[in-house]
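First the structure, in the form of structure tokens, and then the observations on it.
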Amino acid sequence: MTDRAVRRRRQALFLLFFLPGIALSSWVTRTPDVRDQLGLSTGQMGLALFGLSVGSMIGILCSGRFVSRFGTRPVIALGTLLIIVGTAVIGVGSAVRSASLVAVGLCLFGAGMGGGEVAVNVDGADVERITGTAVLPTLHGCFSLGTVIGGSAGMAATAAAVPVSWHLAVVALAATGILVHAMRAVPTGIGIAISAAPSTPAPGPGPAQRPGPRVWKDRKLLLIGAIVLAMALAEGAANDWLPLLMVDGHGLDAAMGSLVYVGFAAAMTLGRFSGTYFLGRFGRAAVVRASAVSGAVGLLLVIFSDNAAVAATAVLFWGLGASLGFPVALSAAGDSGPDQTARVSLVAIIGYVAFLVGPPALGFLGDHYGLRSAMVVVLAFVASAILIAPAADTRDRATAAVDVPHPTSPSAEDR
């Protein structure tokens, strides 16, 4: 590929990471309005979010096979299209006050996120291989930047009492234009050659091969998986519940709840864009431990402080803490031993399950004990990451920041 083609491809990937961030935060900032329009309890809202979990698992389990067979381009296109359609269906479900239709929309959204994000990470890793420079950290920073912009727009729409259906329809139309423009620069065939030679380590979170028994028995890798589980759950819990948590748990109105979520997304963005520097200076274990401490402090104050201003400020610590745990642990998994693709695949699956499937389960706890109490589960997992942080040191500190991949979420990616 020419330098111009690589540059256009990289810019297209920036947009393809940016787009899911906008779509996700647009939905998240309107969850209080959707809940009120549908007349759902917290537990019923969790049941609607179960559609997101089902779709996510389908996307995650199918993505590796589809990338191996068809390459990244069609999988990216299909996954992103499902995100767009899912966003529109959520808006329609809200307009007609149908919880079932909202759940269907969330299922489509989850399938697109779970499947398309794996493929776009493979493509990003291929750009890194071609250019010899770290690209994935910036790409995932674009996801978080998308959540900031989408969250800000959602906050403004909430304050202006714009109907959810109109808001999400505009997001879907804009995302369609971005997708059509970006896909022109994504080449065909990427991912097929990588998966055709499984003995050769992929340059990043490649197609999801089924992890072999030796990988499942690797104690260090499982500890890395536990770090990803904790930090992805912290990110996913905020993405699914933070606006409602601030509205129901701390008495803020819907617009202020959205503003707090934007603050969380901004802290995530700052952490991801600055992460490479801290990794190179302090190493993975120190970064993971500091991230877990920050996340735990933020969660502790959000859960137990009755002062809404203190809780809103603490969300910034929560966001900073959740920003780097997932990408650092995923990078550590790739360096933890032979068969890099299977190792990254295993840890990525754990992360996506925690990011997309775990948070809806918090709704059932929140229905019985309140959302603030339900977050104690997240706090326990994040606190455990402080103790197991040394597992992230799988190579020399000097090279720790060369490759910091993060599937979003997605995570995240941001999300």
Side-chain angles (χ1 to χ4, degrees), residues 16-17 19-28 31 34 45-67 75-90 93 99-122 140 143 146-147 175 205 207-208 210-211 225 228-242 322 326 330 344-364 378 381 406-415:
L16 291 168
F17 271 83
L19 187 156
I22 287 182
L24 179 64
S25 58
S26 297
W27 145 251
V28 170
T31 49
V34 173
M45 194 68 178
L47 190 60
L49 286 169
F50 187 67
L52 180 68
S53 301
V54 172
S56 301
M57 287 307 302
I58 293 173
I60 291 167
L61 294 175
C62 294
S63 59
R65 183 174 299 176
F66 286 170
V67 169
V75 180
I76 291 172
L78 176 60
T80 309
L81 183 61
L82 287 175
I83 291 173
I84 294 170
V85 173
T87 301
V89 172
I90 292 169
S100 299
L101 197 55
V102 169
V104 170
L106 286 169
C107 184
L108 294 172
F109 192 105
M113 285 284 289
E117 289 300 286
V118 171
V120 80
N121 273 286
V122 173
H140 289 285
F143 173 87
T147 64
R210 189 180 300 278
V228 166
L229 175 65
M231 306 311 283
L233 181 61
E235 181 181 352
N239 282 331
D240 276 6
W241 293 111
L242 186 53
F326 199 163
L330 195 67
V344 173
S345 173
L346 171 61
V347 174
I349 289 172
I350 293 172
Y352 274 121
V353 169
F355 180 76
L356 295 169
V357 180
L362 295 172
F364 297 100
V378 183
F381 275 99
H406 175 58
T408 58
S409 152
S411 12
E413 118 123 201
D414 191 74
R415 189 136 24 135

Do the non-hydrogen side-chain atoms of [X] and [Y] ever get within less than 4.5 Å of each other?
X	Y	value
Leu16	Ile76	yes
Ser56	Met113	no
Leu82	Phe109	no
Ile22	Thr147	no
Trp27	Thr87	no

* Hey, could you give me the OG/CG distance between Ser25 and Leu242, rounded to the nearest 0.5 Å? => 12.5 Å
* **Inter-residue atom distance Leu78.CG - Ile83.CD1, 0.5 Å rounding** => 10.0 Å
In chain order, what residues pass the side-chain contact (heavy atoms from CB on, under 4.5 Å) check against [X], with sequence neighbours excluded?
X	answer
Ile58	Val54, Cys62
Leu101	Val89, Val92, Val96, Ser98
Ala88	Ala172
Leu229	Ile350, Ala354, Phe381

* For the student: nearest non-hydrogen atoms of Gly115 and Val75, plus distance -> O-CG1, 3.9 Å
* To do: Mark yes or no for whether Thr80, through its side chain, and Ala77, through its backbone, hold a donor-acceptor pair below 3.5 Å.
  => no
